[in-house]
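Hydrogens, waters and symmetry mates play no part in the numbers below; they use all other heavy atoms, side chains included. Chain identifiers are assigned alphabetically (A, B, ...) following the order of the sequence lines, protein sequences preceding nucleic acid strands; residue numbering begins at 1 within each chain.
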Protein chains: 4
Amino acid sequence: MRKKFTDKQTKILDVAEELIAKKGFEGTSVRDICSKANINVAMISYYFGSKEKMMSYLYQYRVQRTKESFSEFAQTIKEGKPEMQMKEIVNYVISLLFKYSYFHGFVTQEMRSLDNVKDDLLEFYQTCVGRLDEIIKRGIVSGVFHNAPKSEDILTMIIGSTLFVIRNKNFYEMYVPANNDAQYMKEAEQKLKNSTLLSVFALLDYDAD
Amino acid sequence: MRKKFTDKQTKILDVAEELIAKKGFEGTSVRDICSKANINVAMISYYFGSKEKMMSYLYQYRVQRTKESFSEFAQTIKEGKPEMQMKEIVNYVISLLFKYSYFHGFVTQEMRSLDNVKDDLLEFYQTCVGRLDEIIKRGIVSGVFHNAPKSEDILTMIIGSTLFVIRNKNFYEMYVPANNDAQYMKEAEQKLKNSTLLSVFALLDYDAD
Amino acid sequence: MRKKFTDKQTKILDVAEELIAKKGFEGTSVRDICSKANINVAMISYYFGSKEKMMSYLYQYRVQRTKESFSEFAQTIKEGKPEMQMKEIVNYVISLLFKYSYFHGFVTQEMRSLDNVKDDLLEFYQTCVGRLDEIIKRGIVSGVFHNAPKSEDILTMIIGSTLFVIRNKNFYEMYVPANNDAQYMKEAEQKLKNSTLLSVFALLDYDAD
Amino acid sequence: MRKKFTDKQTKILDVAEELIAKKGFEGTSVRDICSKANINVAMISYYFGSKEKMMSYLYQYRVQRTKESFSEFAQTIKEGKPEMQMKEIVNYVISLLFKYSYFHGFVTQEMRSLDNVKDDLLEFYQTCVGRLDEIIKRGIVSGVFHNAPKSEDILTMIIGSTLFVIRNKNFYEMYVPANNDAQYMKEAEQKLKNSTLLSVFALLDYDAD
DNA sequence: AATGAATGAGCGTTCATTCAT
DNA sequence: CATGAATGAACGCTCATTCAT
């Protein structure tokens, strides 16, 4: 069941997400969030019970939207050929992460209260693995793929590489000519999609030509 | 140039590293560190100037040792065949990360004081890229590799995947049968090495047989 | 003149009294009271002006009922002999305190707003003193009492002892065998009545035989 | 074993005692205490661990000094006649309470952390009861007392009356002509001592003449 | 060179109260 | 007339840091 938030709550969550992504959970004070969101310092406790619970809602909120978004996407590629589906899914996941990167694994600290919502993210990952499994199987059957690598390893490669690129701009930007940050992000995303697809298809022994 | 630390400073850095890895930078208090290191609470400010500066030194300290370690490693594989070198380097980097994962990109916060040390890590990454470049080039020339993917993409894949596996245990452990955490880490590391090598060789179009 | 309260106000006062008796004034929050009384948090300010003013009304409310109750009681003993009247009044006051102990002097805090209602309690005490005076005088005249102690000292002894017993259960219960709190209260009240009467009659030099 | 406090800690405790006596524990903020004691707000947590623990120390500190003081006093009357001893002890206890009244039973709230120190006060009361027992017994044996009332009831009367007088100045001062507060306290103490002695001796059936 | 006492700033939270509806 | 959302102030406490020794 999906928790509904008021506009004000959503506003708080958005601001909180941004700040937490930048400075971490402990590094972001309730006062920071509230002053940026132009609300009273008491509001976070008032709306969410506590800072930590707010975090929990925030996580849940993001993961749920990610899952819904993926679910919609999965519909749109239902009919395609395996190689096209694979390409679409790789591109989709990378795009998704570039949009909402910061909350994937932004909980590096031991936050017990998040254990249950962490399962939500896990579920999403498993859905992805399941979908990849299907595509690979169908590709093998139809003869376009000649190898069947493990889906969890493919997903790991996709997500891991993407998060690394996002979080290590100063490294990757050396190989991505760009004038500004926005352009860099666009170019980096494209470069990553290309190289990742290359890897995936190489693993599947798919002949693109 | 390398900063020298006294024994006491080294002790502080070791303890700090352990605690920060476990609970994050903001989540680790100066008191925590000092009490665990059996020193006075004022020592960190006294020796390093501030907690943040200590962090900076810690980072520097780790990165430098990593670089030295890699440099030694690079010597040992100087003579091998490209395919062996590639295998060694993949395994080496993954092992390294499993050992000191926490500080790779553990500075998600906006720490201006770390900007200069971040460059140290960048340098390390570039060294890796350079080494990969050489190996690939030699492999192409000698005819064992038939494709020449970008080295930065390979490194991205290796490091990204590894960090993802380390930071998302609850996901990856579903595919790695293990009874305890220590065993999981060992098995996961092996599984990851296998799959990563597979990807890399696939990209290089290297025929292992 | 007596302030009239609506049912809702009375309900609030009753709940407030119970909680304040248990946890003190500062220890009882407006939220506690309102949630227990199933009313809106704003109601106390709305009805009484503020928490402190509510306290004032509560005090007044209690004292007035005490005065009325005492007035009724005074009627019932109007006709008796002095020694019987004295016995009745001692028992009555002790009973009263055991019933509503908490608010006698429960305002240890500097509550300026209560200064006027404190006068109400004072008035009650003075009424008691007046009544004791009459009884003693009549006892002296009729020859059953041979001493005429000061009434204010007698009242002080009665009320002081009673409040002490109520507030120092862990002391007095050592001399009052009881299995549970309710039984203790009953036994303690009886023991105190006996000993107080003994003292009073001793002071009056009244020969009970 | 007796806890030792530094001068600064003692200063804090003294100020805290005064304020808490006036406004209650919950009604007295750490900031109040610190500003009045001219120290930093952090000091109370720093020295005592928390506000509540400070309270505990305060209580302990006071009770212990009371016990020690009483113990010294008990020595000085060891040799006297029962009637003199009784007079001395009544006067002593009343004086003691007038000096340190505020902390006797100043914990009306349920303060679990004080349960153990409450036992200290209980112990003091029991010591008093024991001493009264001895005196009464010796008075009976030597024939100066003809009645043997319960010591706990006598103590209850003494302490209860005294606390009542102290806490209900506006009542008792009507019977004590005084120009100022200090004089009132002195006169009230004397009046109370007289009337209490009268009661006690009446109970003991002691003929003062 | 090193310490432990002490500090001011800031933390998340709760408070009694206000205000728009 | 009554409410629930929202507020500013204050709460006890912990923080990294400073300072006298």
Side-chain angles (χ1 to χ4, degrees), chain A residues 6-9 12 16 25-35 37-55, chain B residues 6 8-9 12 16 25-35 38-55, chain C residues 6 8-9 12 16 25-35 38-55, chain D residues 6-9 12 16 25-35 37-55:
Chain A
T6 66
D7 284 358
K8 232 165 198 175
Q9 286 173 315
I12 294 173
F25 180 70
E26 307 263 8
T28 303
S29 77
V30 165
R31 275 166 180 78
D32 285 346
I33 298 168
C34 291
S35 98
N38 273 108
I39 52 159
N40 189 275
V41 280
M43 295 307 307
I44 285 182
S45 285
Y46 178 67
Y47 277 140
F48 302 104
S50 71
K51 186 191 176 190
E52 208 172 43
K53 273 181 194 152
M54 180 210 65
M55 181 69 166
Chain B
T6 66
K8 233 170 196 173
Q9 286 173 314
I12 294 172
F25 179 70
E26 303 273 358
T28 302
S29 76
V30 166
R31 268 167 185 74
D32 286 346
I33 298 168
C34 291
S35 97
N38 275 108
I39 52 159
N40 189 275
V41 281
M43 294 306 304
I44 285 182
S45 288
Y46 180 67
Y47 275 139
F48 301 102
S50 72
K51 185 189 177 189
E52 210 173 42
K53 274 180 193 149
M54 181 211 65
M55 182 69 166
Chain C
T6 66
K8 233 172 196 172
Q9 286 172 313
I12 294 173
F25 179 70
E26 303 274 357
T28 303
S29 76
V30 166
R31 269 167 183 75
D32 286 346
I33 298 168
C34 292
S35 96
N38 275 109
I39 52 160
N40 189 274
V41 281
M43 295 306 303
I44 283 182
S45 288
Y46 180 67
Y47 275 139
F48 301 102
S50 72
K51 186 190 175 189
E52 210 173 40
K53 274 181 194 151
M54 180 211 66
M55 182 68 165
Chain D
T6 66
D7 283 358
K8 232 167 197 172
Q9 286 173 314
I12 295 172
F25 180 71
E26 307 264 7
T28 304
S29 78
V30 165
R31 276 166 179 79
D32 285 346
I33 298 168
C34 291
S35 98
N38 273 108
I39 51 159
N40 191 274
V41 280
M43 295 306 307
I44 283 182
S45 286
Y46 178 66
Y47 277 139
F48 303 102
S50 70
K51 186 190 175 191
E52 210 174 40
K53 273 181 193 150
M54 181 211 64
M55 180 68 164

Find out whether A:Phe48 and A:Gln9 are in side-chain contact, i.e. whether some heavy atom of one side chain is under 4.5 Å from a heavy atom of the other. yes
What I'd like to find out is whether the side chain of D:Ile33 reaches to under 4.5 Å of the side chain of D:Met54, using heavy atoms alone. yes
Quick one: [X] [atom1] to [N] [atom2], roughly how many Å, whole number?
X: C:Lys8; N: F:dC1; atom1: NZ; atom2: P; answer: 12 Å
X: A:Met54; N: E:dC11; atom1: CE; atom2: P; answer: 14 Å
X: B:Ile39; N: E:dT3; atom1: CD1; atom2: C1'; answer: 11 Å
X: C:Phe48; N: F:dA2; atom1: CZ; atom2: C1'; answer: 15 Å
X: A:Ile33; N: E:dG10; atom1: CD1; atom2: P; answer: 17 Å
X: D:Ile12; N: E:dA5; atom1: CD1; atom2: P; answer: 13 Å
X: A:Gln9; N: F:dA5; atom1: CD; atom2: C1'; answer: 11 Å
X: A:Met55; N: E:dG12; atom1: CE; atom2: P; answer: 13 Å

Find the distance between [atom1] ([X]) and [atom2] ([Y]) and round it off to the nearest 0.5 Å.
X: D:Lys53; Y: D:Ser45; atom1: NZ; atom2: OG; answer: 9.5 Å
X: C:Thr28; Y: D:Glu26; atom1: OG1; atom2: CD; answer: 8.5 Å
X: D:Tyr46; Y: D:Ile12; atom1: OH; atom2: CD1; answer: 11.0 Å

What are the two closest non-hydrogen atoms of [X] and [Y], and how far apart are they?
X: C:Phe25; Y: C:Lys51; value: O-NZ, 3.0 Å
X: D:Asp32; Y: D:Gly27; value: OD2-O, 4.0 Å
X: C:Cys34; Y: C:Val41; value: SG-CA, 3.8 Å
X: C:Lys8; Y: C:Tyr47; value: CD-OH, 3.6 Å

Which dot-bracket notation, 5' to 3', represents the base pairing of DNA chain F when pairs are defined as Watson-Crick or G-U with both distances under 3.5 Å, crossing pairs as [ ], and inter-strand pairs as |? .||||||||||||||||||||
Show each protein N/O and nucleotides 14-18 of chain F N/O combination with a separation under 3.5 Å, one pair to a line.
| residue | atom | partner | partner atom | Å |
| --- | --- | --- | --- | --- |
| F:dA16 | OP1 | B:Val30 | N | 3.3 |
| F:dA16 | OP1 | B:Lys51 | NZ | 3.0 |
| F:dA16 | OP2 | B:Val30 | N | 3.0 |
| F:dA16 | N7 | B:Arg31 | NH1 | 2.9 |
| F:dA16 | N6 | B:Arg31 | NH2 | 3.0 |
| F:dT17 | OP2 | B:Lys51 | N | 2.7 |

